[in-house]
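Accompanying notes for the structure given below.
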Amino acid sequence: MSDNLIAIKDLSFSYGQRLVLKGINLTARRGQVIAIMGNSGCGKTTLLRLIGGAMKPTSGSLKVDGIEMGQIDQVSLYQLRRRMGMLFQFGALFTDMSVFENVAFQLREHTDLPEAMIRDLVFMKLNAVGLRGAHELMPSELSGGMARRVALARSISLDPMLILYDEPFAGLDPISLGVTGNLIRRLTDTLGMTSIVVTHDVQESLKMVDYVYFVSEGVIVAEGTPAEIKASQLPYVHQFVHGEENGPVPFHFPAADYAADLGLAA
Amino acid sequence: MQRATLDLWVGLFVVAGIVAVLFLALKVGNLGSYDNGETYTVKASFDNIGGLKPRAPVKSAGVVVGRVAEIGFDPENYEAFVTLSLAARYSFPRDSSAAIMTSGLLGEQYISLEAGGDEKMLANGDALKITQGAVVLENLIGQFLYNKNESQTEQAAP
Amino acid sequence: MMQALIGHIRGIGRRTVDRVSRMGVAARFFLLVLLHSGPSFRRFHLIIREIFTAGVLSLIIILVSGLFVGMVLGLQGYETLQTYGAEESLGVLVSLSLVRELGPVVAALLFASRAGSAITAEIGLMKATEQIAAMEMMAVDPIARVVAPRFWGAVISMPLLAALFSAMGVLGGYLVGVVLIGVDAGAFWSQMQAAVDFKEDILNGVIKSVVFGIAVTIIALFEGYDAPPTAEGVSRATTRTVVTSSLAILGLDFVLTAFMFRGV
């Protein structure tokens, strides 16, 4: 068994004519928490979907647990996905089911476990995210942070080897943000999983990840450990980490000359 | 919602739906007046059946005793032949007569069976000898006008 | 001028091609639903749940509408029939119009706006909030888990609702005709029974409602599944479900009636 759970080499992907990812190289070792950062629309969510097998690469190689995702068929993809979890941006809890049923969903779909065992497993997972007491609530009764934690409990219900997080910190208050960040780290360590976090929340993710990739305009512009990133003098990384208004990513959308637009040039 | 409550409601709904279908079939439709028991068929020829349709009732003394099973045209005698399917529990003498009647002035047409006096009873496949076809309204009016004319000329003659 | 005309014709052509290809996609979707129906029959409680949302929750509107339609038929029918002295035929008029046409058609129209729109909105919302994508990521086929149970739940509910509508309508006609106006009860029922044939009228009405149920449900499911994952997209898809399925019901009704009652 290779030490690398995910190995991406020269991966490109295009939506029709538009090239979204241009030659990505990325590896994730087992047990690591990897962050993929970048400004909105840089292609990081696309990268996550490619890893999850929702789309197929246009060219290059993408291996998850040694399986080439470009050539995978539906049956093996579904087999692989049973060992994968994904946390969607706003949780994507099933709104017509209670918290308990949400977490039990995969157990019911994929296993024939007796009801008593499902109950125990669900309570264990909910306890891990601190929401055992909320098992009877409906998703509409949860706060954003709680919904995210329930979704996390749901994605670990089958003890996956890999969890993908799509913007786990979006729209959370500072407390929930810290709680979610710590949970990701702790669950990854205790359950022996690997986590890929797509985010643009620099401060929170730098606290807990092992390795960071910076994506801009479909290419990886920088990578390194959190310490290396913080110390980086690359203009893009510097702008991103410190949240500066101007830098390689301009404040202004490309436009005609301002004076000309206002009719002052003449 | 609890699974048990859900099941109960859906069960009630399905039962209500089936009751509605049964109500339509038995109370609104004619399934209730189908005789589930055995039937035997009897043939009858008519010079004119008027507006008689398959599945029209066959009545005797006003009680439904059977249905019209089939209507056809006999090209040899240029008559209509009608197959009646009668309930086996009613038997009629062999010299019974059939007539096509109309319920009300403009209502649907049915066959009326008039029992005869023979000792032998009709058997499956027998034919009714005495029949009376439908009264066609136009003919009736024509006859009436003709008669009236005649009586007027008679009165005017002396 | 010429240019504008050509532009218009091109527009018509493009729209036609779009419509036809969309119908093709919908037909493929229908086939996919049928192919993935196995699991929902093995886990029948999924279908029971959908019979509840589609059928039981539509009961009130169906029962009340049926009663009122029947009562109006009773009133109007009596007005017309008594001119010819044929008020005993009121039962025939009420029951035949309900069993043959109004029962299946009006119940299906109500079903489209009550249950059909709800199905579209629910599935569209599940898509917009990434619930469908989440299900796929959990290696659960959303067609088998979400779409097929809803399809069967609604298709099972529709004929039952139509029968309840017709039955309530006949009762409404009876209430107005017999209880209120005083038409003879015996004549009301016996004429009705003489005129309404089980196979010709009632069974054909049931067949109609099954066909309408399939049409409405597939349109609702497809519009929901195909909706752009935004609030606007979902609301538009919901409107389209009601419009398209209403037109489909009326169109199909004409075709079915032409086949069923021709020459009778």
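Note that the structure is predicted; figures quoted are calculated from it, not measured. We name chains A, B, ... by the order of the sequence lines, and we start the count at 1 in each one.
- There is no contact between B:Val19 and chain C, counting heavy-atom distances below 4.5 Å.
- With rounding to the nearest 0.5 angstrom, the NZ atom of B:Lys27 is 6.5 Å from the CD atom of C:Gln193.
- B:Phe23 has its side chain out of reach of C:Ser166: every pair of non-hydrogen atoms, C-beta onward, lies at least 4.5 Å apart.
- Residue C:Ile60 places its CD1 atom among 12 or fewer non-hydrogen atoms of other residues, nucleotides or ligands, all under 6.0 Å distant.
- Neither the backbone nor the side chain of C:Ile62 has a heavy atom closer than 4.5 Å to any heavy atom of chain B.
- Side-chain contact check for B:Trp9 versus C:Ile51: every heavy-atom pair is 4.5 Å or farther apart.
- C:Glu101 CD: more than 12 foreign heavy atoms inside a 6.0 Å radius.
- Residue C:Ser89: no heavy atom, backbone or side chain, is found under 4.5 Å from chain B.
- Residues C:Phe198 and B:Leu24 form no side-chain contact, since every pair of their non-hydrogen atoms from C-beta on lies 4.5 Å or further apart.
- Of the atoms belonging to C:Leu164, heavy atoms from both backbone and side chain fall under 4.5 Å from chain B.
- Heavy atoms from other residues, nucleotides or ligands lying under 6.0 Å from CZ of C:Phe41 number more than 12.
- Of the atoms belonging to C:Ile48, heavy atoms from both backbone and side chain fall under 4.5 Å from chain B.
- Of all residues spanning residues 176-190 of chain C, those with a heavy atom less than 4.5 Å away from chain B's heavy atoms are C:Trp189, arranged by number.
- Here the straight-line distance linking atom CZ of B:Phe13 with atom CG of C:Leu160 works out to 5.0 Å at 0.5 Å rounding.
- In the displayed structure, B:Lys59 atom NZ is contacted under 6.0 Å by more than 12 heavy atoms of other residues, nucleotides or ligands.
- What you find for B:Ala20 and C:Ala167 is that their closest heavy atoms are CB-CB, 4.0 Å.
- Residue C:Phe254 places its CZ atom among 12 or fewer non-hydrogen atoms of other residues, nucleotides or ligands, all under 6.0 Å distant.
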